[in-house]
Amino acid sequence: MYVPVPYHIAAAAIYACILLILALSLYYGRRARRNVKREKVTALPHGFSPLDVQRIFIGKTYPRKLTRALIAHWAQLGFVKVTYIKRNRVTLTCRRIPPAHNDVKAVYFDRGTYVRERELFKHIFRRAGAQITVSLNRPLIKRKDAHYICSELFAAREDEGVYSSKHYKLKVFTFILSLAPFFICGIYLCAVGSFQGMIFPFTMLLGMFCFRFVREIPFLFRLVWSTGWVVPSVVVMIVMFNGFFDPLGLAYAAVATLFIGSFLMIRFVDFREKNNLSDYSDLMNYKKFLLFSGRDKLKDIDYYDALPFLYAFGIKPFVKFKFVKGELPEWYSGERGSLL
């Protein structure tokens with residue numbers, strides 16, 4: 001059976017993109033893991049914060065996702081007292097303002113997380129003794145205020161020293177490779193006479209761009225809005241290809257690469273700064289310890305010391321039953337609510 005030349009070209013280009021994504025993920029993923037310390041730890045070094053989890057893992061602070069983690073963390077450090085009001089609502093009382101970073105009593109790391117965290121705290125509590133009632137399901141601080149504090153108040157970026165410029169170039173290149181097969185399918189459709197085929201890659205790109213990069217929009221709205229652009233584009237592209245000779249399943253390969261490449265494989269293209277890999281190693285090893293240790297190993301660990309990071313790592317539902325909780329901590333009063 002005669003196969004048109006444009007089909008050969010499209011197939012070669014699409015599968016070349018897929019192979020290149022796999023090669024990048026394998027090479028740079030192994031490089032990152034090779035430089036990560038493999039140690040068995042039972043606690044993090046003194047001075048880590050839940051904000052470090054976000055900064056080191058994703059290069060940016062989203063305090064609205066760490067409400068429970070920050071409350072528990074600040075309470076453990078003695079900065080706030082927590083009083084239960086009702087389910088998912090607590091009153092926070094400021095015991096003291098965190099000391100300045102040049103104070104000998106402060107815990108200060110070169111990565112600068114502490115000074116940003118102190119500004120976040122001071123924005124919420126203006127003075128010792130101040131009280132606020134908050135919902136555990138809502139952010140402690142408005143999005144615009146967090147952006148101002150974390151992005152505009154400091155000369156150095158949050159990700160300074162965490163990721164190299166090469167890391168971002170690799171991420172962008174891999175993301176483009178993930179989108180390329182979908183556009184190649186559109187170009188092929190144009191080459192065989194279906195010129196409307198180029199419309200759908202652009203509508204797909206609009207939805208994908210909004211979902212991945214327009215973080216200021218609430219997640220649920222962003223998900224629904226993006227799905228409305230991406231899913232119809234994907235479905236129409238597959239339906240259009242079903243009317244053509246396609247023994248190599250180019251449309252299906254393009255759709256699989258679109259989602260697997262841009263959401264999964266891109267995570268393995270990692271060129272972190274080697275200096276940062278020490279902190280990254282500590283966090284990863286501690287997370288593995290909490291997640292995979294049995295009750296016999298966790299029973300002697302203070303549950304309330306670990307609680308901020310159970311929230312920050314997103315593993316509390318999976319590991320909380322392994323701990324012996326004991327009495328309520330001195331910084332918490334009232335019924336045992338959903339924070340604990």
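The number of heavy-atom neighbours closer than 6.0 Å to CZ of Phe57, taken from other residues, nucleotides and ligands shown, is above 12. By the neighbour-count criterion of 12 heavy atoms within 6.0 Å, atom CD of Glu335 is sparsely surrounded, having that number or fewer from other residues, nucleotides or ligands. Within a 6.0 Å radius of CZ in Arg96, more than 12 heavy atoms belonging to other residues, nucleotides or ligands are found. No more than 12 heavy atoms of other residues, nucleotides or ligands sit less than 6.0 Å from atom NZ of Lys297. Atom CZ of Arg138 is surrounded by 12 or fewer heavy atoms from other residues, nucleotides or ligands within 6.0 Å. Around NZ of Lys299, the count of heavy atoms belonging to other residues, nucleotides or ligands within 6.0 Å does not exceed 12.
Asp270 is listed as a side-chain neighbour of His167, based on a closest heavy-atom distance under 4.5 Å. The side-chain heavy atoms of Pro45 and Asp282, taken from C-beta on, include a pair separated by under 4.5 Å. With a 4.5 Å cut-off on side-chain heavy atoms, Phe48 and Tyr286 do not count as touching. Using a 4.5 Å heavy-atom threshold, the side chains of Leu179 and Leu258 count as touching. The shortest side-chain heavy-atom distance between Val319 and Tyr303 does not fall under the 4.5 Å cut-off. At a threshold of 4.5 Å between non-hydrogen side-chain atoms, the residues Glu117 and His73 count as touching. Side-chain contact check for Leu120 versus Leu51: some heavy-atom pair is nearer than 4.5 Å. Between Phe79 and Leu92, the closest side-chain pair of non-hydrogen atoms is not below 4.5 Å.
A cation-pi arrangement, defined by a distance under 6.0 Å to the six-membered ring centre and an angle within 45 degrees of its axis, is present between Arg212 and Phe263.
Of all heavy-atom pairs between Asp52 and Gly47, the closest is OD2-O, 4.1 Å. Nearest heavy atoms, Asn285 versus Glu39: CG-O, 3.3 Å. Closest non-hydrogen pair, Arg267 versus Lys171, comes out as CA-NZ, 3.6 Å. Summarising the geometry of Ser233 relative to Thr203, their closest heavy-atom pair is OG-OG1, 2.5 Å, with the distance given to 0.1 Å. Annotation for Tyr15 and Leu248: closest pair OH-O, 2.7 Å, computed over non-hydrogen atoms. Between Phe259 and Val230, the shortest heavy-atom contact is CZ-CG1, 3.8 Å.
Aromatic pair Tyr168/Phe271: ring centres not closer than 6.0 Å. Aromatic rings of Tyr332 and Tyr84 (six-membered ring for Trp) have centroids beyond the 6.0 Å cut-off, not under it. Aromatic pair Phe241/Tyr188: ring centres closer than 6.0 Å.
When Leu26, Thr174, Val269, Ile260 are each tested for a side-chain contact (heavy atoms from CB on, under 4.5 Å) with Ile21, only one passes: Thr174.
For Arg118 (side chain) and Pro98 (main-chain N/O), a donor-acceptor pair under 3.5 Å exists by modelled atom type. A donor-acceptor pair is defined here as one N or O able to donate and one able to accept, closer than 3.5 Å; such a pair exists between the side chain of Ser25 and the backbone of Met265. Proximity of a side-chain donor or acceptor of Tyr28 to a complementary backbone N or O of Leu170 within less than 3.5 Å is not detected. Distance alone, capped at 3.5 Å, places no donor-acceptor pair between the Tyr311 side chain and the Ile71 backbone. Side-chain atoms of Lys320 never come within 3.5 Å of backbone atoms of Lys325 as a donor-acceptor pair (strictly under, hydrogens ignored).
The hydrophobic cluster containing Phe318 also contains Phe292, counting ILVMFWY residues as joined when their side-chain heavy atoms lie under 4.5 angstrom apart, directly or transitively. Transitive grouping of hydrophobic side chains (ILVMFWY, heavy atoms separated by less than 4.5 Å) brings Leu250 and Leu22 into a common cluster. At a threshold of 4.5 Å between side-chain heavy atoms, the hydrophobic network of Ile, Leu, Val, Met, Phe, Trp and Tyr places Trp229 and Phe213 in one connected group. Residues Leu328 and Ile85 fall into different hydrophobic clusters, defined by Ile, Leu, Val, Met, Phe, Trp and Tyr side chains chained together at heavy-atom separations under 4.5 Å. Under the 4.5 Å side-chain contact rule for hydrophobic residues, Ile315 and Phe321 do not share a cluster.
Between atom CZ of residue Arg89 and atom OG1 of residue Thr91 there is a gap of 8.0 Å, rounded to the nearest 0.5 Å. Considering CG of Leu307 and CG of Leu339, their distance stands at 6.0 Å, rounded to 0.5 Å.
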Applying side chain to side chain contact (heavy atoms under 4.5 Å, CB included), run through Tyr304 and Glu330 and close with a yes or a no.
-> CA-CA 11 Å; Tyr304 302 108; Glu330 58 85 22; over 6 Å; no
Side chain to side chain contact (heavy atoms under 4.5 Å, CB included) evaluation trace for Val80 with Phe121 | CA-CA 10 Å; Val80 300; Phe121 187 94; 3.6 Å; yes
Give the intermediate values and the outcome of side chain to side chain contact (heavy atoms under 4.5 Å, CB included) for residues Thr227 and Phe211.
-> CA-CA 9 Å; Thr227 300; Phe211 183 77; over 6 Å; no
Derivation of the side chain to side chain contact (heavy atoms under 4.5 Å, CB included) call for Met240 and Leu189 | CA-CA 8 Å; Met240 292 181 70; Leu189 290 175; 3.9 Å; yes
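Between the side chains of Asn88 and Ser338, a donor-acceptor pair is found at a separation under 3.5 Å.
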